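The next block holds one structure in the form of structure tokens; read it before the comments.
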Amino acid sequence: MNSITPRVRFAPSPTGYLHIGGLRTALYNFLFAKNKNGKLILRIEDTDRKRFVEGAVENLNDTLNWAGITFDEGPDIGGESGPYLQSERLQIYKELVEKLVAEQKAYYCFCTPERLEQLREEQQKLKLPQAKYDKHCLSLSKSEIDEKLNSNIPFVIRLNVKPDQKVFFNDVIRETVEFDTNNIDDQVLLKSDGFPTYHLANVVDDHLMEITDVIRGEEWLSSTPKHVILYDYFGWDKPGFAHLPLLLNPDKSKLSKRQGDVAVEDYREKGYLKEALINFVALLGWNFGDDKEFYEMDELIEKFSLERVHKAGAVFNLEKLNWLNYEHLRKKPDAEVLKMLRTEISKSEFSSNIYSDEYLIKIIGAMKERVSFVKDYLTKSPYFFQAPESYEEQNLKKRWLEDSAELLNKLKERFEALVNPSKEDFEKALEEIAGQLNIIKGKFVHPLRIAVSGVGEGPGVYDILSVLGKEETISRINSALKKLS
RNA sequence: GGCGCGUUCGUCUAGUGGCUUAGGACGCCGCCCUCUCAAGGCGGAGAUCGCGGGUUCGAAUCCCGCACGCGCUACCA
């Protein structure tokens, strides 16, 4: 629209963990800001004291940081528009809302929760089209208000919505959205505990922090007219709006616990790479218009635009995430996988064993195309970390034949003669003996695989052998011969 | 109930009036490769574009109605 530097914000409330939907909202804000050379602000919406969770802010920071979403301003970083914790901005909200009261754009309300409850029940009984506050306290005289205020009767401040008007605003994703003010409640702006509600706080802060574009979840679309009224009452310019489609459960309801993991930290703990999660979540509701599905963060930044965000909600589908995790993992340099593998080992039953970098790198080379998660290295090929103690029953039945022990014994003798054998040396030795005895290779290969790994699947046998080396190979053949003869 | 938003293969999506017998990806199935499992290559099943009306020579694409789903409807965000 103009040449002003875009300023956007991610404004979570500290109720525990970062929701996967929150991650996507944060990501879209981040991508939008980076793409336009703008600023991203982190603001903590801690205006609900009942829902505040200790340590939630730290957790939010930690998770966002892990995901690679960085902020230009925020509680920990500082900035010129602070404080970035709404609980530290109470005075600001109070002063501004009082200005609105002075102009009759908002008013004191002394109604008790009981009366409000009763009002709602009555309205329901009468089957009124919509339940709204009845503006009861709007008719209070100045002296009545002062008297109640002086005797410390609890109060809230409500937005004075004028009836019979149209409110409309433009949404980048949904275009023009229109509401009738008759359907808009006199929303509480300031609660009786002196804290603002979301509606007041977000408008005030977005204005004061010079936010140019509000990018948030679709659940906010219905309350946006209240915000628009507020901007008008204050006489402020409105930011641009973009309401993102919701992330959905398999049954299409709003993504929630009960139907799977919703916390980003759950996925982190399960071994998902941040690259995969970011890639996946970015594509849930956005695409560039071509067939590309594998993205790194910098490409997302380059190509992202709100105009290409979809309108409809998207089901969070684990299978595609798993595939992306596989794709990102296999593209990582071995040295990086090595680091991750080491931490995985340290958490495993093999933690007391010692493996050289060289050895682990060989395992990575052999297994890379067979794993989706780093932990798969341990679960799919435990034999690289410890000699097999038992042999898979099914496979044994099929592959361990009458003559297997004898053939394996002959093969072992061949191997013993080898000096520092490579993969090719092992292969040649096996082929030679098979040729000499005129027996097909499979008769050697399968029993050998069982002996050395205990299972019937995995990398090529010669690859396994070259990872294990001559000594270990022979020792494993020996114990297999002992146990299986 | 009211208001709002949405609706293309099971899922994520391409598609903005003719290039579409609706394309890709994940998943699924089959074949090839092969010492196994993967990977890779090739192929297959899978969408009457929610439904019904219009507009137009022509509609997934434009308009209207309906249905369904979801969101909001708090002194929660």
Side-chain angles (χ1 to χ4, degrees), chain A residues 11-15 45-48 50-51 109 111-113 116-117 120 123-124 127-132 154-158 171 173-174 177-180 182-185 187-199 201-202 216-225 243 245-246 248 250-254 280 283-294 310-324 326 330 367-372 380-381 395 398-399 427 430 440-450 453 455-462 464:
Chain A
S13 52
T15 53
E45 310 230 323
D46 56 346
T47 54
D48 184 357
K50 290 185 261 343
R51 294 215 304 174
C109 172
C111 291
T112 60
L116 295 175
E117 179 64 24
R120 256 192 293 273
Q123 288 178 335
Q124 212 141 65
K127 295 209 162 145
L128 247 50
Q130 67 275 320
K132 271 166 52 183
F155 68 90
V156 300
I157 292 177
R158 285 181 183 275
D171 185 285
I173 298 166
R174 283 151 225 287
V177 185
E178 189 183 279
F179 289 82
D180 190 315
N182 292 333
N183 292 316
I184 301 172
D185 201 2
Q187 185 59 236
V188 170
L189 299 177
L190 198 74
K191 300 184 266 186
S192 58
D193 61 3
F195 278 67
T197 56
Y198 172 84
H199 308 286
N202 107 70
R216 79 233 295 192
E218 196 196 323
E219 67 265 33
W220 295 111
L221 194 63
S222 300
S223 38
T224 305
H243 288 93
L246 262 18
L248 271 25
D251 72 355
K252 307 254 183 188
S253 57
K254 187 167 147 186
F280 177 61
L283 259 22
L284 244 31
W286 171 87
N287 107 344
F288 185 66
D290 56 14
D291 289 340
K292 188 173 166 63
E293 304 224 53
F294 183 90
H310 293 232
K311 298 174 188 334
V315 173
F316 191 88
N317 173 238
L318 258 326
E319 273 161 354
K320 197 146 190 176
L321 210 207
N322 290 342
W323 169 72
L324 278 170
Y326 163 78
R330 74 190 295 212
M367 290 298 292
K368 203 160 194 175
E369 304 218 308
R370 277 160 255 261
V371 298
S372 291
K380 288 193 169 177
S381 57
N395 204 255
K398 191 170 158 201
R399 306 288 198 187
E427 184 167 5
L430 189 143
I440 56 163
K441 286 196 294 180
K443 298 269 270 178
F444 292 92
V445 165
H446 295 295
L448 175 59
R449 174 184 289 283
I450 295 173
S453 74
V455 295
E457 54 184 50
V461 214
Y462 310 117
I464 297 179

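For clarity, every value in this text was computed on a predicted model and none was experimentally measured. Within every chain, numbering begins at 1; the chains are lettered A, B, ... in the order of the sequence lines, protein sequences first and strands thereafter.
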Please work out if A:G217 contacts a base, only the sugar-phosphate, or nothing of the nucleic acid, heavy-atom cut-off 4.0 Å.
nothing

Is there a Watson-Crick or G-U wobble partner for B:C5 with both distances under 3.5 Å, and if so, which one is it?
B:G69

Flag side-chain contact, heavy atom, 4.5 Å: A:D171 against A:L221
yes

Look through every strand shown and name the nucleotide pairing with B:U21 as Watson-Crick or G-U wobble, where both distances are under 3.5 Å.
none

Sequence-aligned protein contact record of nucleotides 29-45 of chain B, with B where the base is within under 4.0 Å of a protein heavy atom and S where only the sugar-phosphate is:
------BBBBSS-----

Rounding to the closest angstrom, what is the interatomic distance between B:G18 and B:G58 at atom C1'?
7 Å

Full working for side-chain contact (heavy atoms from CB on, under 4.5 Å) between A:N202 and A:R216:
CA-CA 12 Å; A:N202 107 70; A:R216 79 233 295 192; 3.6 Å; yes

Winner on side-chain proximity to A:S192, out of B:A77, B:C75, B:C26, is B:C75

Contact class for A:V177 (heavy atom, under 4.0 Å): base, sugar-phosphate, or nothing?
sugar-phosphate

Give A:P245 one of three labels, base, sugar-phosphate or nothing, depending on what nucleic acid heavy atoms sit under 4.0 Å from its own.
nothing

Any strand: nucleotide that pairs with B:G43 via Watson-Crick or wobble, under 3.5 Å
B:C29

Using the P atom as the point on both nucleotides, what is the distance between B:U20 and B:G15, in whole Å?
15 Å

Gap between atoms CG and P, on A:L246 and B:G4 respectively (whole Å)
18 Å

Distance, P atom - from B:U13 to B:G17, rounded to whole angstrom:
22 Å

Nearest whole Å is fine: how far is B:G71 P from A:L221 CG?
14 Å

Presence of A:T47 side-chain N/O under 4.0 Å of B:A77 phosphate oxygens OP1/OP2
yes

Just N and O in the side chain of A:K132: are any of them under 4.0 Å from OP1 or OP2 of B:U73?
no

Between the side-chain atoms of A:K320 and the base atoms of B:C12, is any donor-acceptor pair under 3.5 Å?
yes

P gap between B:G24 and B:G43, integer Å:
11 Å

Quick one: label A:V188 by what it contacts on the DNA or RNA (base, sugar-phosphate, nothing), any heavy atom closer than 4.0 Å.
sugar-phosphate

Whole-Å gap separating C1' (B:G15) and CG (A:D291)
11 Å

For A:Q123, side-chain contact (heavy atoms from CB on, under 4.5 Å) partners two or more places apart
A:L119, A:L128, A:A131

Given atom CZ of A:F280 and atom P of B:A25, what is their separation to the nearest angstrom?
17 Å

Whole-Å distance between B:G27 C1' and A:L321 CG?
14 Å

Can you tell me how far the CG atom of A:D46 sits from the CZ atom of A:F195, to the nearest 0.5 Å?
7.0 Å

Got a sec, which residues hit side-chain contact (heavy atoms from CB on, under 4.5 Å) with A:V188, two or more places apart in sequence or on another chain?
A:V156, A:R158, A:K191, A:T197

Same-atom distance (P) from B:C29 to B:U34, integer angstrom
23 Å

For B:U13, does either OP1 or OP2 sit under 4.0 Å from a side-chain N or O belonging to A:N287?
no

Looking at A:H199, does any N or O in its side chain come under 4.0 Å of the phosphate oxygens OP1/OP2 on B:C76?
no

Are the side chains of A:L246 and A:E219 in touch, meaning some heavy atoms are under 4.5 Å apart?
yes

What integer number of Å spans the P atoms of B:C3 and B:A74?
16 Å

Could you label the plane-to-plane angle of the A:F280 and A:F316 rings as parallel, tilted or perpendicular, counting under 30° as parallel and over 60° as perpendicular?
perpendicular

Using atom NZ of A:K292 as one end and atom P of B:A14 as the other, report the distance to the nearest whole Å.
16 Å

B:C76 phosphate, OP1 or OP2: any side-chain N/O from A:K191 under 4.0 angstrom?
yes

Begin with the C-alpha distance, continue with both residues' side-chain angles, and end with the deciding distance and a verdict on side-chain contact (heavy atoms from CB on, under 4.5 Å) for A:L448 and A:L430.
CA-CA 10 Å; A:L448 175 59; A:L430 189 143; 3.9 Å; yes

Answer with base, sugar-phosphate or nothing: what part of the nucleic acid does A:P196 contact at a heavy-atom distance below 4.0 Å?
sugar-phosphate

Whether the side chain of A:K380 engages the backbone of A:E457 through a donor-acceptor N/O pair (distance < 3.5 Å, no angle test) should be reported.
no

Distance from A:E218 atom CD to A:K254 atom NZ, nearest 0.5 Å?
10.0 Å

Considering only heavy side-chain atoms of A:E218, the closest of B:C26, B:C5, B:C75 is B:C5

I'd like the P distance from B:G1 over to B:C57, given in whole Å.
42 Å

Can you tell me if A:K254 touches the phosphate of B:C72, counting only side-chain N or O atoms and a distance under 4.0 Å to OP1 or OP2?
yes

When the P atoms of B:U8 and B:U48 are considered, how many whole Å apart are they?
11 Å

Using a cut-off of 4.0 Å on non-hydrogen atoms, how would the nucleic acid contact of A:E293 be classed: base, sugar-phosphate, or nothing?
base

Residue A:N183, side-chain heavy atoms: nucleotide from B:U7, B:G2, B:A74 that is nearest:
B:G2

If you check every side-chain atom of A:R51, which of B:C76, B:C12, B:G4 has the closest atom?
B:C76

What is the distance, to the nearest angstrom, from the CG atom on A:L190 to the P atom on B:C76?
11 Å

Show the nearest heavy-atom pair for residues A:L116 and A:C111, with the distance to one decimal.
CD2-CB, 4.1 Å

Sugar-phosphate, base or nothing in reach of A:H243, heavy atoms under 4.0 Å:
nothing

Does A:E178 reach a base, just sugar-phosphate, or nothing at all? Heavy atoms under 4.0 Å.
sugar-phosphate

What is the distance from CD1 of A:I173 to P of B:U7, rounded to the nearest Å?
13 Å

Could you check whether A:K50 gets within reach of a base, just the sugar-phosphate, or nothing at all, counting any heavy atom under 4.0 Å?
sugar-phosphate

